[in-house]
Novice: 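The structure follows.
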Amino acid sequence: MEIAGTVVDALLLLRILQLKLQRTYLWITLAAVLTLLLDAVTLWYGSESQEISRVFIFSRFLWAFVFPAAAYDVWEELKTQVARIRRFAIFRLVASLVLAAILGLIIAAAAGAEESNGDALLDTFAVILWAATSTASLAFLWSMNRLVRAAKIEVQGNTSVWLLFYQLSLAAEVVTCFLIIIGQRFTEFVSTAIDVSLGLYSILITLWCIWKLRAHTSNVPSEPEKSLL
């Protein structure tokens, strides 16, 4: 499952580069690169190793920045039409993240004080920040989609593909955070079944995204066309 997920993530990055979408979607491309790197590190060390546990925790802080940036990038192809709406929505996203970070520090500090363990504080804060960032980014996409449609702006092409892909991906991130918090209540069989289900889910939505992505079409005339005009 891990190998299949890594291959699919590599195909997504190759698809982005093949279609030259990195010129439009810089942060989404960065997210694809980081996902592939984390997949490779997991395969190298093994998903059960202590090293990968540390990598997992510290990568949550990285995703706290990448998730909102990628969610913002989803609308880059329509940036002219949605500029005002996106500015309004991003203020709410940033405010939510700042509030989540403050509350996360308070909760993590309380947990760390009870256990007298610095690692407990870091781990708790990482999971809280991860959950808050995923939820806030998902809410940003949902809010943007609602406001854009209310403004009679058509969402199509790669924008619609990335919108659905990241909504589904971030929803899975939120579910994963919740499962980690209550994970000690599951038996080993149930935990394995959940991991396999989430892995298949991720592979399927990524394959769908690869299939749906298309090269960006610009309305700006090329140089030969300009000379004819």
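Keep in mind the model is a prediction, meaning the values are calculated, not measured.
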Novice: Carefully, step by step, assess Leu13 and Asp9 under the rule side-chain contact (heavy atoms from CB on, under 4.5 Å).
Specialist: CA-CA 6 Å; Leu13 178 58; Asp9 288 335; over 6 Å; no
Novice: Mind jotting down which residue pairs meet the side chain to side chain donor-acceptor pair (under 3.5 Å) criterion with at least one end in residues 20-41? Sequence neighbours excluded, please.
Specialist: Tyr25-Glu77
Novice: Any side-chain heavy atom of Leu168 sitting closer than 4.5 Å to one from Tyr201?
Specialist: yes
Novice: Can you give me the closest heavy-atom contact between Leu43 and Thr6, atom names plus distance?
Specialist: CD1-OG1, 3.4 Å
Novice: May I ask you to test the Phe165-Leu12 pair for a side-chain heavy-atom distance under 4.5 Å?
Specialist: yes
Novice: Taking all non-hydrogen atoms of both residues into account, name the closest pair between Ala64 and Thr133 and its distance.
Specialist: O-CG2, 3.4 Å
Novice: Taking all atoms of both residues into account, what is the closest heavy-atom pair of Ala71 and Leu141, and its distance?
Specialist: O-CD2, 3.5 Å
Novice: With side chain to side chain donor-acceptor pair (under 3.5 Å) as the rule and sequence neighbours excluded, what pairs involving residues 137-146 come up?
Specialist: Asn145-Arg149
Novice: Less than 6.0 angstrom separating the ring centers of Phe125 and Phe61, yes or no?
Specialist: yes
Novice: Quick one: do Leu26 and Ile90 end up in the same hydrophobic cluster if we chain Ile, Leu, Val, Met, Phe, Trp and Tyr together by side-chain heavy atoms under 4.5 Å apart?
Specialist: no
Novice: Can you name the salt bridge (Lys or Arg N to Asp or Glu O under 4.0 Å) partners of Arg15, sequence neighbours left out?
Specialist: none
Novice: Are the side chains of Phe67 and Leu138 in contact, using a 4.5 Å heavy-atom criterion?
Specialist: no
Novice: Considering non-hydrogen atoms only, spot the tightest contact between Ile203 and Ala4 and give its length.
Specialist: CD1-CB, 3.9 Å
Novice: When clusters are formed by joining ILVMFWY residues with side-chain heavy atoms under 4.5 Å apart, either directly or through shared neighbours, do Leu14 and Leu19 land in the same one?
Specialist: no
Novice: Hey, could you give me the CG/CG distance between Asp73 and Leu21, rounded to the nearest 0.5 Å?
Specialist: 11.0 Å
Novice: If you round to the nearest 0.5 Å, how far is CE of Met1 from OG1 of Thr192?
Specialist: 11.0 Å
Novice: Measuring from Ile128:CD1 to Cys177:SG, what's the distance to the nearest 0.5 Å?
Specialist: 10.5 Å
Novice: Tell me whether Val196 is reachable from Ile205 by hopping between hydrophobic residues (I, L, V, M, F, W, Y) whose side-chain heavy atoms are closer than 4.5 Å.
Specialist: yes
Novice: Examine distances only and state if a side-chain atom of Thr159 and a backbone atom of Val155 form a donor-acceptor pair shorter than 3.5 Å.
Specialist: no
Novice: Are any non-hydrogen side-chain atoms of Leu37 and Val41 less than 4.5 angstrom apart?
Specialist: no
Novice: Could you tell me whether the side chain of Asn158 and the main chain of Arg214 form a donor-acceptor pair under 3.5 Å?
Specialist: yes
Novice: I'd like to know if the side chain of Ser202 reaches the main chain of Leu198, judged simply by a donor and an acceptor atom lying under 3.5 Å from each other, with no hydrogens or angles considered.
Specialist: no
Novice: Heavy atoms, side chains only, cut-off 4.5 Å: are Leu213 and Trp162 in contact?
Specialist: yes
Novice: Rounded to the nearest 0.5 Å, how far apart are CD of Gln167 and CZ of Phe140?
Specialist: 11.5 Å
Novice: A side-chain contact here means heavy atoms from C-beta on lying under 4.5 Å apart; do Glu76 and Arg86 qualify?
Specialist: yes
Novice: Answer yes or no: is there a donor N or O on one side and an acceptor on the other, between the side chain of Ser160 and the main chain of Gly157, under 3.5 Å?
Specialist: yes
Novice: Find out if a path of hydrophobic residues (ILVMFWY) with successive side-chain heavy-atom gaps under 4.5 Å connects Leu170 to Leu207.
Specialist: yes
Novice: For the hydrophobic clusters of this structure (ILVMFWY residues joined by side-chain heavy atoms under 4.5 Å, transitively), does one cluster hold both Leu36 and Leu204?
Specialist: no
Novice: What's the spacing between Gln18 CD and Leu11 CG if we round to 0.5 Å?
Specialist: 10.5 Å
Novice: Where is the tightest heavy-atom contact between Pro68 and Leu93, given as atom of each residue plus distance?
Specialist: CB-CD2, 3.9 Å
Novice: Between Ala31 and Val66, which heavy-atom pair has the shortest distance, and what is it?
Specialist: CB-CG1, 3.7 Å
Novice: Please confirm whether Trp63 and Phe56 have ring centers closer than 6.0 angstrom.
Specialist: no
Novice: In the structure I gave you, are the side-chain heavy atoms of Leu163 and Trp75 within less than 4.5 Å of one another anywhere?
Specialist: yes
Novice: Just checking, Arg60 and Trp130: is the charged tip under 6.0 Å from the six-membered ring centre and within 45° of the axis?
Specialist: yes
Novice: Can you tell me how far the OH atom of Tyr45 sits from the OG atom of Ser53, to the nearest 0.5 Å?
Specialist: 12.5 Å
